[in-house]
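Every chain is numbered from 1 and lettered A, B, ... according to where its sequence line falls, protein lines coming before strand lines.
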There are 2 protein chains.
Amino acid sequence: MKRNTWQREAVREALDGTEGFISAQALHSALHASGSPIGLATVYRALGDLASTGEADSLQSPDGEALYRACSTTGHHHHLICRNCGLTVEISAEPVEEWAKGVAAEHGFTQAAHVVDVFGLCAACTKLQAGA
Amino acid sequence: MKRNTWQREAVREALDGTEGFISAQALHSALHASGSPIGLATVYRALGDLASTGEADSLQSPDGEALYRACSTTGHHHHLICRNCGLTVEISAEPVEEWAKGVAAEHGFTQAAHVVDVFGLCAACTKLQAGA
DNA sequence: CTGGTTTTGACAATCATTATCAATTAGCTA
DNA sequence: TAGCTAATTGATAATGATTGTCAAAACCAG
């Protein structure tokens, strides 16, 4: 059976109150800083649960950390990243979601996850490079 | 000054000869398996260099490993990868190509490249897991 | 060939994450 | 409300990928 613990609630609320993505470590630090004695392992478990039930999204930062964010109703999206200055723009990718699901099913794959990121030069860096 | 060493060449060739993405660890194993006494740290350094000079692309797998692939301008396609047995299926992604181009343009990005790969469990592994 | 640097590679260190496992606790039931 | 039972917690150890260290080896110019 699945139980409701204050720890899980704390993690959920901390996520809700966070703008954008946050790492498990950072979330744990934030909780500690605000006086919660919650354990690190528990934060990881709670985040994992939230992610697996679809209440949170997760992605991998370029440094290899797992980042999480509260899942708004429309949730899942991807990123457009400037390869020069690192600027990141969030983009929705509904056509891709469906495509990924369809392709996976077509080949008998289940539990499909996908990695979709677009790299390019942002407007500012394009200008800079044109000048240089 | 930048020197040419057989180790760096070995890494570059191993990458070129690899279909799709491969982890640094796997590449090192492959090199060892084919008789090369190259060190692990050197493989990491070489991959990092290749990635920073644009000769290779890198991405984070869902498991948090860094994956690399030779940056081939020819024969663009994507992959459907079984996260259990490693089976890889090549897939075409025309809808995604257009989508990526459109999204990049929409945000003022130029020189858009994209990383699109789908991870899942292939039919065989799905069966195995269901049984276990 | 020789000198001055860069690069290598074995190994230690680091960092995020996961597993372990005894102690605690939520939620049901009477 | 008290008690029972299984899920959950959390301190810590373990894991696994990646990076730092530094003496020895290799590269390249002269």
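Across all strands, B/Q25 comes closer than 4.0 Å to base atoms (heavy-atom distances). Using a 4.0 Å heavy-atom distance criterion, A/T42 is classed as a base contact.
Here chain A contacts DNA chain D (any atom closer than 4.0 Å to a heavy atom, that is under 4.0 Å), and the contacts span D/dA6 to D/dA11 from 5' to 3'.
Look at CG on B/L40: it is 17 Å from P on C/dA13, rounded to the nearest Å. Atom NZ in A/K2 sits roughly 12 Å away from atom P in C/dG27 (whole-Å rounding). In this entry the distance linking OH of B/Y44 with P of C/dT8 reads 16 Å, nearest Å. Counting to the nearest Å, the C1' atom of C/dT17 and the CG atom of A/D49 are 15 Å from each other. Here C/dA16 presents its P atom at 14 Å from CG of A/L47, a figure rounded to the nearest Å.
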A/E106/B/I91 under side chain to side chain contact (heavy atoms under 4.5 Å, CB included): CA gap, chis, key distance, verdict: CA-CA 10 Å; A/E106 195 176 309; B/I91 52 185; over 6 Å; no

Please step through side chain to side chain contact (heavy atoms under 4.5 Å, CB included) for the pair B/R69 and B/T18, ending with a clear verdict. CA-CA 8 Å; B/R69 83 172 167 183; B/T18 299; over 6 Å; no

Yes or no on salt bridge (charged side-chain N to carboxylate O under 4.0 Å, His left out) for B/K101 and B/E98, after CA distance, side-chain angles and deciding distance? CA-CA 5 Å; B/K101 213 175 288 182; B/E98 291 174 27; over 6 Å; no

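Nearest-nucleotide assignment on DNA chain D puts the 5′-proximal partner with A/V43, out of A/V43 and B/Q7. Across the interface with DNA chain C, nearest-nucleotide mapping of B/W6 and A/T5 shows B/W6 to be the residue nearer the 5′ end. When each of B/R45 and A/G39 is assigned the nucleotide of DNA chain D with its nearest heavy atom, A/G39 is the one assigned upstream, toward the 5' end.
The nucleotide whose nearest atom lies closest to any side-chain atom of B/A41 is, among C/dT8, C/dG27, C/dC11, C/dC11. Picking from C/dT7, C/dG9, C/dA16 the nucleotide with the shortest atom distance to the side chain of B/R8 gives C/dT7.
Checking each of A/V11, A/T42, A/I22 against A/L47 for a side chain to side chain contact (heavy atoms under 4.5 Å, CB included) leaves exactly one that passes, namely A/V11.
Closest of all the heavy-atom pairs between B/L31 and B/A14 is CD2-CB, 3.9 Å. Taking all atoms of both residues into account, the shortest heavy-atom contact from A/A46 to A/R8 is CB-CG, 4.3 Å.
For the residue pair A/T53 and A/E55, a side-chain donor N or O sits within less than 3.5 Å of a side-chain acceptor on the partner.
B/R3 contributes a side-chain N or O that forms a donor-acceptor pair with the base of C/dT6 under 3.5 Å.
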